[in-house]
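A short worksheet on the structure shown next.
Each chain gets a letter, A, B and so on, in the order the sequences are listed, and its residues count up from 1.
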Amino acid sequence: MITAVRIPGSLASAAEYAAAGGWIMAGGTVVMAQVNNGSVDASELISLRAAGLSGIRVADDMVHIGATTTFREVAELEFLADAVRTIASPSIRNLATVGGNLFVPQPYGDFAVCLLALDATVHIAGSGENRAAKVGEPLARGEIVTGVSFARPAAGTWFYRKAMRRKLNSAAIVAVAAVVHTEGGVVSSARIALGGVAPRPVRAVSAERVLVGRWLDAAALDEAGAAARADIEPFDDAYASAWYRTRVLPVHLRRAVLR
Amino acid sequence: MAIRRGRGYAAVNYPTGMNLGGDPSQALIHATTTGTFVVSLSSVDLGQGLKTVVAQCAAEVLGLPYGNILVDTADTDTGPHCMGTFASRGTHRVGNAVIMAATEAREVMLAVAADELEVDAGDLETDGSGFVQVKGAEQKRIHITDLALAAHFKQGRTISGRGIFLKEKNDPVPETGEMDPDSCQAHACTVAVVDVDDETGVVEVVTMYNAYEIGRALNPATVAQQVEGGAWMGMSHALFEATEPYYPARSHGPADFSEYLMPTAADIPEQHSAILERPAESGPFGAKGIGEMTANAPIPAIANAIYDACGVRLTAMPFTPERVLRGLDALTGG
Amino acid sequence: MASTVVSLRLNGRPAEFLARPGTSLLSSLRDSLGLMAAKRGCAQGGCGTCTVLLDGRPVMSCLVAVETIEGASVRTLEGVAADDGRLDAVQSAFLDGFATQCGFCTAGMIMVAESLLAGNPDPSRDEVVEAISGNVCRCTGYASIIAAILDAARRKREVDVV
């Protein structure tokens with residue numbers, strides 16, 4: 001039963017409440033659903049709405065997104081617009097935040113998959129010192145994500161595809177986010193993140209190893225996709241089975257890159 | 001890797017009403033002092049448009065504008081009895097009951113007018129815009145508002161009517177099994193065109209063609225809605241919905257509308273619908289009704305289209321991408 | 001567990017009400033303010049029947065903790081028609097296009113359409129489809145709703161030209 005909703009006006013104040021055991025809430029799209037069905041353990045909610053954590057800053061090619069920035073705003077970053085529009089629905093995206101998306105389990109959490117592919121830094125504040133971490137690292141009690149930052153990928157190097165059971169507003173069967181550099185058509189580096197195929201976003205390191213030094217073509221991608229099966233821990237859920245996700249992973253990797 | 005297109009069809013005969021202990025509905029009509037005719041029912045309009053077609057039936061029989069009819073389905077405690085809104089029975093049973101009630105009310109209405117105009121009731125007609133007038137001498141007329149006021153405050157009469165439609169219980173002939181449990185049957189056929197992605201098993205319904213023979217389309221707009229909405233529901237059952245996705249295991253049953261899959265506006269096919277009318281003797285103005293049947297034919301039509309597209313014969317719903325892929329594997333021995 | 005006094009600008013007028021901790025905007029609208037157009041379909045953000053406009057943008061009101069939107073502007077279906085009851089272009093288009101059956105999704109659909117057309121007077125069919133992708137309809141199969149929203153856009157453009 002919720003006994004209070006705190007709306008701290010600063011990060012420091014929010015961190016204090018969090019250290020005291022309050023339940024952090026950004027956009028509310030996950031937490032309020034839990035409140036509505038009575039499954040929130042904590043009795044105090046801490047809304048980050050007024051803590052000054054929203055906004056997008058771009059300087060040189062570094063992008064910094066505040067943790068409470070909504071996906072509606074993130075879609076203004078052109079290269080991410082297509083990816084953002086696969087997340088839930090517009091009425092959810094007007095509320096849901098980048099920070100919150102880091103902590104939802106797969107097959108949700110598509111933006112975390114993007115951030116993993118982008119090698120994003122996750123900025124964390126708490127009662128101790130501020131620190132930087134990578135996507136997927138756990139937080140200590142009382143810590144709050146304040147934002148994420150990453151280098152904007154060069155034109156033509158960013159790839160994203162999310163296979164879903166329906167065309168819009170549906171969770172990932174397989175999500176592929178990748179930054180792939182080529183020189184003269186040969187892959188010089190690849191950073192591939194997968195969603196929907198493990199409890200957390202995963203790096204398809206086996207696929208990356210196959211691709212480096214190869215032409216970026218269907219044959220290489222098929223081989224990379226098959227290799228990527230070593231990197232996943234697929235599960236059954238209401239959307240698809242582990243068998244199915246494993247089976248179509250290479251297809252969606254290929255289609256993500258070759259469109 | 002290919003997108004394979006296929007076409008399939010299925011047809012359905014759909015009975016109106018039910019048998020059980022007999023299938024009745026009642027209706028009462030009375031005029032207010034200013035000429036609104038209230039149709040009292042216990043029947044429920046869930047959004048299928050029963051109140052609309054009932055008002056149309058009453059208006060048609062009374063010879064009054066649709067706007068003069070007020071349908072009141074407020075209270076099953078106090079309203080005239082109805083078995084309920086199911087078995088695609090609403091238009092047929094309730095429509096017939098309303099026609100009967102309106103027929104009686106019209107007789108009284110004309111009798112009141114006859115007294116006011118000092119003519120024979122048999123010489124009167126309604127003009128459809130609210131007037132009761134003398135045939136061949138339209139300037140001799142009275143408006144329904146004045147007529148209703150006269151009935152209440154001058155003549156001391158109630159302009160009202162009672163109606164009931166009963167389809168009697170029908171038992172089979174023991175020797176032959178012959179029986180007559182329904183009042184009429186509507187017929188439909190759906191042709192579905194699908195694309196099957198043979199690398200992912202994803203089925204997309206591209207187009208659905210629907211032909212429905214329903215006796216009479218009392219309201220063509222709501223009929224078209226029912227056909228399209230039902231076809232969507234059929235497609236949803238065929239390709240998406242499951243409460244036990246791993247049946248007979250009960251695991252991973254959907255817990256919310258994110259997990260309980262239903263196609264969005266982005267997943268709908270193009271639809272083309274044709275309505276045919278062969279009036280049923282027993283129906284209100286010949287209508288047979290068009291209810292649950294609209295979700296039926298699309299499902300086997302889609303199954304047949306999948307078979308046509310890629311040779312996979314699926315017999316368990318939903319026809320998920322996994323089932324299609326496993327079917328393709330079985331065909332290629334893979 | 002004291003309630004909070006929340007003030008909003010609701011359908012153009014100031015509104016003030018009590019909210020217990022953790023109450024959603026949807027619950028406040030329906031249970032405290034008597035505004036029943038927004039529906040409680042799932043309380044999980046998955047159906048869209050609770051959609052209202054928050055500072056002009058469509059949101060799932062079941063997922064908004066009402067205490068966190070103190071002072072915001074909220075618009076519901078009850079605030080769409082003119083004060084004299086005249087229906088607006090979206091409402092008229094829905095009616096004329098038979099784009100409703102049971103009506104449960106209708107309030108949410110109309111609010112999404114209001115917001116879409118305010119920012120985009122000439123949306124493509126794809127844009128309409130994306131806008132309503134969070135709104136479940138069980139009855140119509142969506143085609144009549146899409147057509148009604150495109151029709152409403154056309155009606156509004158004609159009025160503006162005149």
Inset, instruction - Select one option (side chain, backbone, both, neither) describing which atoms of C/Thr51 are under 4.5 Å from chain A's heavy atoms. - result: side chain

Legend entry - Contact class of C/Ala43 relative to chain A, heavy atoms under 4.5 angstrom: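 For C/Ala43, the contact with chain A is made by backbone and side chain together.
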
What is the distance from atom [atom1] of [X] to atom [atom2] of [Y], rounded to the nearest 0.5 Å?
X: C/Thr4; Y: A/Ile7; atom1: OG1; atom2: CD1; value: 7.5 Å
X: A/Arg49; Y: C/Glu67; atom1: CZ; atom2: CD; value: 12.0 Å
X: C/Leu63; Y: A/Leu95; atom1: CG; atom2: CG; value: 7.0 Å
X: C/Ser133; Y: A/Arg85; atom1: OG; atom2: CZ; value: 9.5 Å

Legend entry - Distance-minimising heavy-atom pair for C/Val112 and A/Ser91: CG2-OG, 4.4 Å

Inset, instruction - Would you name the heavy atoms of A/Met32 and C/Gly22 that are closest together and state the gap between them? - result: CE-O, 3.5 Å

Within a strict 4.5 Å, meaning less than it, do heavy atoms of the [X] and [Y] side chains meet?
X: C/Thr68; Y: A/Met25; answer: yes
X: C/Met60; Y: A/Thr29; answer: no
X: C/Val129; Y: A/Leu168; answer: yes
X: C/Val66; Y: A/Val5; answer: no
X: C/Pro21; Y: A/Ile2; answer: yes

Inset, instruction - Considering only heavy atoms and a distance below 4.5 Å, find which of C/Glu130, C/Arg20, C/Glu70 pairs most often with chain A. - result: C/Glu130

Inset, instruction - Please flag which part of A/Arg166 lies under 4.5 Å from any non-hydrogen atom of chain C: side chain, backbone, both or neither. - result: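 When you check distances to chain C, no heavy atom of A/Arg166 falls under 4.5 Å.
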
Legend entry - Contacting region of A/Arg72 [heavy-atom separation from chain C under 4.5 Å]: side chain

Legend entry - Donor-acceptor pair, side chain of A/Asn94 and main chain of C/Pro58, under 3.5 angstrom: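 Yes; at least one donor-acceptor contact below 3.5 Å.
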
Inset, instruction - Might you confirm whether atom CZ of C/Arg40 has over 12 heavy atoms from other residues, nucleotides or ligands at distances under 6.0 Å? - result: yes

Inset, instruction - Quick one: which of A/Asn169, A/Val40, A/Val30 has the most heavy-atom pairs under 4.5 Å with chain C, could you say? - result: A/Asn169

